[in-house]
Number of protein chains: 2
Amino acid sequence: MPALTPSYDQLQVFLAVVDEGSFSAAARSLKRAQSAVTYAIQKLEEQLDVRLFDRAAYRPALTEAGRALLPRARLVADEMQALRNHAEAIAAGAEPELRLVVDAMFPMDRLVESLRLVSARFPHSPPRIYVDSMGAAAELVLNGVCAIGLLLEFSSVSEHLQRDKLIDIAMIPVAAPNHPLGAADSPVSIEDLRPHVQLVLSDRSGLSGDRDYGVFSTRTWRIADLGAKHAMLKAGLGWGSLPAHLVAEDLANGRLRRLTIRDEAGLSEVVRLPLCSAFRRDRPPGPAGRHLLAHLSAGAARKPA
Amino acid sequence: MPALTPSYDQLQVFLAVVDEGSFSAAARSLKRAQSAVTYAIQKLEEQLDVRLFDRAAYRPALTEAGRALLPRARLVADEMQALRNHAEAIAAGAEPELRLVVDAMFPMDRLVESLRLVSARFPHSPPRIYVDSMGAAAELVLNGVCAIGLLLEFSSVSEHLQRDKLIDIAMIPVAAPNHPLGAADSPVSIEDLRPHVQLVLSDRSGLSGDRDYGVFSTRTWRIADLGAKHAMLKAGLGWGSLPAHLVAEDLANGRLRRLTIRDEAGLSEVVRLPLCSAFRRDRPPGPAGRHLLAHLSAGAARKPA
DNA sequence: TCGACTCTATCGAAACATTCGATCATGCCC
DNA sequence: GGGCATGATCGAATGTTTCGATAGAGTCGA
C-alpha cells in the first residue's frame, strides 16, 4: 500500500531543491546523498501525479505545475514549523494556555495593556480570560482551572494561595437621580440609608461564608453579577456601591449620583477594596503567567489607583 | 539520526485519535493495527517532546498541551489536503495558471465578470492577466506565454491561431474642449482634420507591419500606450479616436468632445473595431480557459456592445 | 576541441521505520 | 464476577529511505 499523500519530508526536499537550485546542492544543504534527493522528488512527483521539475536542461527548472504548487508547499512547511515551535515552547515550560480569572471589580484597562505585552512576548501562551465575582472567581484558581486570579483580597483567603497585593479600588455609593437618595444633594446619614433597598453583590460560591461587607440597609437585594447590579442602580431600583472606574462616566453625565454618607465620626471615608493576584502555591504559573504578574504589580506600583 | 520533525502521517494519526476518541477506534478508522497507532503517537510525542494524551483513564484524554497543539495540527493537515487537491486538479488537466493577455482596447468590465465566475469554478487555475496593445498582445499568445488572448482581429492574423469573434467596439474621434477641433460644435471635414496633430496608437511589436488604420492627419504622434494616448487627448495635444467605453465619462462631464466627421458620402459612420478571442491551435486552453472563452462569447451574444 | 567539473538517474546493499498479530494488564459495565 | 474494550509491549515481517558507486550528459574555461 504505497502512501497516497506526500510526506512532510518530501516537501522539505522539494523546497530545498527550489531554494538551492539543484538536486545536488539540496542534498548538500540537507546533508544527504544526492540519490536520496532524487528519490524523494521522484516519489513526490509520483504521489502528486504531477511533474515538478523539468530535467531537460542542465539544472532542473520548476515546471508550471511546480511553480503553482510551490506556495502551498511552503505554507504546509511553515505551518509545520509553527507547530514545532509551539510544541518546543510548551516543552520548555510555557503554559499551553494562560488561563486567568478576573474579578468583575478589577479595572479592565489595567489588564488589557499587560495582556497585550505579555501575549506579544509569549505568543504560544494565548490567554483565556474568565470573569467572575468574589469567591466564585477565587474558586477557579483553587480548583486549578485558572493558573492566575486577580481577586478581591477578602474573598481569596486560603493557605494554598500565594497572594500579592496589587491595588485598591475605591467603592463609591451611588443612586440614580430619580431615586430618593440620588435626588438629595446633601450628605445622608446611615439612618437615612436604612429604609432604602440596597443592592449588594452576592457571592455565587459559598466561599465567603455569606459574610456581608458594607451592608447598611435592612432591605437588601443580592445580585450575583456586577453588570446587572450596575444596570439596576442606573434604573433606580435602589442604592449601592460600585467601583469608581465603573461609575466615573455615569457620574460625569449624570446618570448616577454619588452619595455622601455621614456617620458618627463625620463624613465617612471612601471604602477601598484591596485587590490581589493569586495562584496556587503548588502550581506556580509558567513564564507567561509570571510575566503577567510582574507587569501587573509594576503597573500597580507606578499608578496605585 | 532520528527524525526531528513529525511526519504528516503522524499528524493524521493524532487527528484520528482525537476524532475517534480512542487509539483502537482510530486504528479501525485508519485500517491499521492498534499497535501502529500507539507507535505513531509515541513517536509524535517523542519528536515534539510533549505529552499529547493522558492515558491514566480508560480512554485517552487530550492533555492541555495536546489541546493547544490540536488546531495547528489540523491546519497543517488541511493545508496538505489543499496541496493534494490542487495537484490533483493539475494532474486532471487544469492549467496551473490561466494566463491571458487582453488588448488595452478591450472593455474590462466584460472581462471581470467572466473571470470572477471562472475562478470561482476553477480555484486551482488562478488567472494572470497581461495587458498590451495590438501586435504586442497577439505576440504573447503566439509565443506561448499566454494561453488566451483577447485581441484586435486585424492585429492577430495568423494561421496558428484559432480565433473567434467576440464583439465590436465603437471608436470615437475626440478632442479636448480647448483644442481647436474640440471647440467647434459643427461637423468637421477630413480636410479640417489634416493639419492637426493626430494621436495614433502604435504597435510596439512589428507584427502589424506598421500599417495604419484611420490615419487622416499629416502630422501624427504615435503612442504605444492607450492610457497615455487618453491622457494626451485630454490634455489637448491633438485629436484621435478612443474606444467608446473609455471616453463615455469624459464626454459626459465635458473633459473631451466628440468630433463628427464629414466625408464625401456625408457624415462618416462610426468606426467599429472587431475584437476576438484567440489561442494557439496546437495548445488549446485547459478547462478553465475553455470556460472563460465560452462565457465571454455567451456574453458577447447577449450584449453585442 | 579537449578536459575537468558538475549535474541527474539508477542500482544493489544496508539501515531504518513502520506494520502486524499476539499477548498482557487494566478499566469499564452489566 | 465475567465479558468486553482499551493501550502497552514484543518479535518478526514488510516497506521505505539512505548510501555510495557508477554511468551518461551538460557546462565552462583554456
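Each chain gets a letter, A, B and so on, in the order the sequences are listed, and its residues count up from 1.
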Mind listing the N/O atom pairs, protein and nucleotides 21-30 of chain C, below 3.5 Å?
unit_1: C/dG21; atom_1: O6; unit_2: B/Ser35; atom_2: OG; d: 3.0

Distance, rounded to the nearest Å, where [X] contributes [atom1] and [N] contributes [atom2]:
X: B/Ile41; N: D/dT6; atom1: CD1; atom2: P; value: 15 Å
X: A/Glu46; N: C/dA9; atom1: CD; atom2: C1'; value: 15 Å
X: A/Arg51; N: C/dA9; atom1: CZ; atom2: C1'; value: 11 Å
X: A/Arg59; N: C/dT6; atom1: CZ; atom2: C1'; value: 8 Å
X: A/Asp9; N: C/dT18; atom1: CG; atom2: P; value: 11 Å
X: B/Tyr39; N: C/dC20; atom1: OH; atom2: C1'; value: 13 Å
X: A/Phe53; N: C/dA9; atom1: CZ; atom2: P; value: 10 Å
X: B/Gln47; N: C/dT18; atom1: CD; atom2: C1'; value: 12 Å

* Asked: Does a donor on one side chain sit under 3.5 Å from an acceptor on the other, for A/Ser156 and A/Arg163?
  ->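 Yes, because at least one side-chain N or O of A/Ser156 sits under 3.5 Å from a partner of the opposite role on A/Arg163.
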* **Residue pair A/His86 / B/Arg72, side-chain donor-acceptor N/O under 3.5 Å** =>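 Note: A/His86 and B/Arg72 side chains meet the donor-acceptor criterion.
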* Asked: Looking at B/Thr38, does any N or O in its side chain come under 4.0 Å of the phosphate oxygens OP1/OP2 on D/dG7?
  ->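 The answer is no; no side-chain N or O of B/Thr38 sits under 4.0 Å from OP1 or OP2.
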* Hey, is the side chain of B/Arg32 poking within less than 4.0 Å of OP1 or OP2 on C/dC20, counting only N and O atoms? ->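 It does not, given that no N or O in the side chain of B/Arg32 lies less than 4.0 Å from OP1 or OP2 of C/dC20.
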* Asked: Bend angle of the helix from C/dT1-D/dA30 to C/dC30-D/dG1 from five-pair axes at both ends, rounded to 10°?
  ->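 What I find for the helix from C/dT1-D/dA30 to C/dC30-D/dG1 is an axis angle of 40°.
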* Tell me, which of residues 19-29 of chain B have any heavy atom that sits under 4.0 Å from an atom in DNA chain D? ->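 Per residue number, the list reads B/Ser22, B/Phe23, B/Ser24, B/Arg28.
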Side-chain donor-acceptor pairs of residues 15-23 of chain A under 3.5 Å, sequence neighbours excluded:
unit_1: A/Asp19; atom_1: OD1; unit_2: A/Arg74; atom_2: NH2; d: 3.0
unit_1: A/Ser22; atom_1: OG; unit_2: A/Ser24; atom_2: N; d: 3.4
unit_1: A/Ser22; atom_1: OG; unit_2: A/Ala25; atom_2: N; d: 2.9

* Asked: Counting side-chain heavy atoms from CB outward, which of D/dA8, D/dT17, C/dT10 is closest to A/Gln42?
  ->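 Looking only at side-chain atoms, A/Gln42 lies closest to C/dT10.
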* May I ask you to decide if A/Glu159's main-chain N or O and A/Arg281's side chain share a donor-acceptor pair within less than 3.5 Å? =>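 Between the backbone of A/Glu159 and the side chain of A/Arg281 there is a qualifying donor-acceptor contact (under 3.5 Å).
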* Can you name the residues that form a side-chain hydrogen bond (donor to acceptor under 3.5 Å, both in side chains) with B/Thr38, not counting sequence neighbours? ->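 In terms of side-chain hydrogen bond (donor to acceptor under 3.5 Å, both in side chains), with neighbours along the sequence ignored, B/Thr38 is linked to B/Gln34.
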* Asked: Under the side-chain hydrogen bond (donor to acceptor under 3.5 Å, both in side chains) test, which residues partner A/Ser202, sequence neighbours left out?
  ->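 Not a single residue meets the side-chain hydrogen bond (donor to acceptor under 3.5 Å, both in side chains) criterion with A/Ser202.
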* To do: Using the side chain to side chain contact (heavy atoms under 4.5 Å, CB included) rule, take B/Val102 and B/Ile129 through it: C-alpha gap first, then chi angles, then the decisive distance, then the call.
  => CA-CA 7 Å; B/Val102 184; B/Ile129 300 166; 4.0 Å; yes
* To do: Test A/Pro6 against every option in A/Glu45, A/Lys43, A/Gln47 by the side-chain contact (heavy atoms from CB on, under 4.5 Å) rule and name the one that passes.
  =>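 Testing A/Pro6 for a side-chain contact (heavy atoms from CB on, under 4.5 Å) against A/Glu45, A/Lys43, A/Gln47 leaves exactly one candidate, A/Gln47.
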* What do you reckon, is CD of A/Glu64 surrounded by more than 12 foreign heavy atoms closer than 6.0 Å? ->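 It does: A/Glu64 CD has more than 12 such atoms within range.
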* Does a sphere of radius 6.0 Å around CD in B/Gln81 hold more than 12 heavy atoms from other residues, nucleotides or ligands, not counting ones at 6.0 Å or beyond? ->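 Check passes, neighbour count above 12.
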* Ring centers of B/Phe14, B/Phe53 separated by less than 6.0 Å ->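 Yes.
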